[in-house]
Protein chains: 2
Amino acid sequence: MFSIGELSRRTKVKVPTIRYYEEMGLLTEAERTSGNQRRYDKAGLERLSFIRHARDLGFSIEAILSLIELQEHPDRSCEAATNIAVSQLSDVREKIKRLKVLERELKRISKGCDGRGISEDCYVLASLADHELCCREH
Amino acid sequence: MFSIGELSRRTKVKVPTIRYYEEMGLLTEAERTSGNQRRYDKAGLERLSFIRHARDLGFSIEAILSLIELQEHPDRSCEAATNIAVSQLSDVREKIKRLKVLERELKRISKGCDGRGISEDCYVLASLADHELCCREH
DNA sequence: CTTGAACCTCTAGTCACTAGAGAGTGTATA
DNA sequence: TATACACTCTCTAGTGACTAGAGGTTCAAG
């Protein structure tokens, strides 16, 4: 059994975040010492590692809640889990796509001004003011 | 002169968002009718278009505040504007980079399970539980 | 038994909005 | 001119996933 600080050190999840996860129902309520401090065991550590891994991959708290529920029912179909992962993947792809459009546009805009002139002639400012200067939708 | 609703329609920025921008100091306080309703003119429309364009490119409110300040002083050096744009560009590139790592990992995980089995054997859930199954840092 | 790091709960703040309540205003039509 | 009703006003609270801080308590080492 170890403290929340120890759990934090081992998982690299900050202490207030651990408490937040508990509040959100991602972590079952931890055992407490007589002095009301949380104590965790291996199961708690594994659960939090699972959560951290999922968060690192960008899954929402809500999605993780569903994943945990499935994990706790090993006999159930895992269709939902796969769906969640696939949908997360397409979310990520969508984000990449949009960011690439921004990248292209920002690159073009940044290149237009070396920062040595005055604001009046600045291509960055002109581009923002006038959408017509953009080469594609964004 | 036109109403906030009309401005909203023309810029595709929602009415509460326009009021929010005003509160944040992005928009100067609009003129009012005798009945206290906001009225805008061409200058207001251009300013909001500028803001929208910048937001679409992912600039923060704070960054936009700086950009607007520069825009209002046409005689000043535009170095800051270029810096803001360049820094935004590198932010975007950083995000893309991280998302690509996630994409790769999620793709691998998703492929590992077709969703037709049971939770116990699900590769998605197993991968989340065990970071060792990952092929690279993320 | 003392010290001090770690822990507790609670509230409030972050960012860029979004939603809703309850009241007042503007304008087109009868 | 009266009415209808879409639009607008301000204000408060909520979103997601934390983060920060206050003010107080507990644990473990020496």
Side-chain angles (χ1 to χ4, degrees), chain A residues 1-27 29-40 44 47-48 50-68 84 87-88 91-92 95 98-99 102, chain B residues 1-27 29-40 44 47-48 50-68 84 87-88 91-92 95 98-99 102:
Chain A
M1 303 291 279
F2 40 87
S3 70
I4 196 168
E6 181 61 24
L7 181 64
S8 168
R9 242 163 280 127
R10 294 204 206 175
T11 55
K12 263 120 202 145
V13 175
K14 287 180 192 156
V15 169
T17 305
I18 297 173
R19 292 199 272 251
Y20 170 73
Y21 287 162
E22 182 184 304
E23 200 184 304
M24 293 297 102
L26 291 182
L27 292 170
E29 296 202 5
E31 280 181 55
R32 302 282 184 137
T33 62
S34 58
N36 199 35
Q37 297 196 357
R38 292 169 179 82
R39 283 301 108 106
Y40 297 91
R47 168 70 76 89
L48 185 54
F50 180 98
I51 294 167
R52 169 149 160 69
H53 196 179
R55 285 292 303 133
D56 283 349
L57 287 166
F59 289 95
S60 69
I61 300 282
E62 212 195 330
I64 298 173
L65 226 37
S66 308
L67 291 170
I68 285 174
I84 289 170
S87 131
Q88 175 62 15
D91 273 17
V92 167
K95 275 185 192 148
R98 261 188 283 121
L99 285 171
L102 295 197
Chain B
M1 303 291 279
F2 41 88
S3 71
I4 196 169
E6 180 62 24
L7 180 64
S8 169
R9 243 164 279 127
R10 293 204 206 176
T11 55
K12 263 119 200 145
V13 175
K14 287 180 191 155
V15 170
T17 304
I18 297 174
R19 291 200 273 249
Y20 170 73
Y21 288 162
E22 182 184 303
E23 201 184 305
M24 292 298 101
L26 291 182
L27 292 170
E29 297 202 6
E31 277 181 58
R32 304 282 184 135
T33 62
S34 57
N36 200 34
Q37 298 195 355
R38 291 169 180 84
R39 284 300 110 106
Y40 297 90
R47 168 71 74 91
L48 185 53
F50 180 97
I51 295 167
R52 170 150 160 67
H53 196 179
R55 285 294 302 133
D56 283 349
L57 287 166
F59 289 96
S60 69
I61 300 283
E62 213 195 329
I64 299 173
L65 227 37
S66 308
L67 292 170
I68 285 174
I84 289 171
S87 132
Q88 174 63 13
D91 274 16
V92 166
K95 275 185 192 147
R98 262 190 280 120
L99 285 171
L102 296 198

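Computed from a prediction, not measured in an experiment: that's the story for all the values here. Residue numbers start from 1 in every chain, and the chains themselves are labelled A, B, ... in the order their sequence lines are given, proteins ahead of strands.
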Just by distance, do the side chain of A/Arg52 and the backbone of A/Val13 share a donor-acceptor pair under 3.5 Å?
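The answer is no, because no donor-acceptor pair under 3.5 Å joins these two groups.
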
Please check: side-chain N/O of A/Gln88 versus main-chain N/O of A/Gly58, any donor-acceptor pairing under 3.5 Å?
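Indeed, once roles are kept as given, a pair shorter than 3.5 Å links the two residues.
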
Mind calculating the distance between [atom1] ([X]) and [atom2] ([N]) to the nearest angstrom?
X	N	atom1	atom2	result
B/Ile61	C/dT18	CD1	P	11 Å
A/Glu31	C/dC8	CD	P	14 Å
B/Ile64	C/dA16	CD1	C1'	10 Å
A/Ile18	C/dC7	CD1	P	9 Å
B/Ile51	C/dA16	CD1	P	13 Å
A/Asp56	D/dC18	CG	C1'	14 Å
B/Leu48	C/dC17	CG	P	11 Å
A/Met1	D/dC27	CE	P	13 Å

Under 6.0 Å from the six-membered ring centre of A/Tyr21 and within 45° of its axis: does the NZ or CZ of A/Arg55 meet both?
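Because its charged atom misses either the 6.0 Å distance or the 45° angle limit, A/Arg55 does not stack over A/Tyr21.
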
Please determine whether a side-chain nitrogen of the Lys or Arg among B/Glu6 and B/Arg9 lies less than 4.0 Å from a carboxylate oxygen of the Asp or Glu.
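So B/Glu6 pairs with B/Arg9 through a salt bridge.
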
Please round to the nearest 0.5 Å and tell me the distance separating atom CG of B/Asn36 and atom CZ of B/Arg38.
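That separation rounds to 7.5 Å.
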
Measuring only between side-chain heavy atoms, which start at C-beta, is B/Val92 closer than 4.5 Å to B/Leu57?
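With C-beta onward as the side chain, the pair stays apart.
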
Just to confirm, is there a sub-4.0 Å distance from OP1 or OP2 of [N] to any side-chain nitrogen or oxygen of [X]?
X	N	value
A/Lys14	D/dT19	yes
B/Thr33	C/dG26	yes
A/Tyr21	D/dC18	yes
A/Thr17	D/dA17	no

Per-nt protein contacts along nucleotides 1-13 of chain D (heavy atom under 4.0 Å; B base, S backbone sugar-phosphate only, - none) come out as -------SSB---

Using the side-chain heavy atoms of A/Tyr20, tell me which of these nucleotides is nearest: C/dT25, C/dA16, D/dA17.
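In terms of side-chain proximity for A/Tyr20, the closest of C/dT25, C/dA16, D/dA17 is D/dA17.
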
Around atom CD of A/Glu31, are there more than 12 heavy atoms from other residues, nucleotides or ligands closer than 6.0 Å?
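No - once you tally the heavy atoms of other residues, nucleotides and ligands closer than 6.0 Å, there are 12 at most.
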
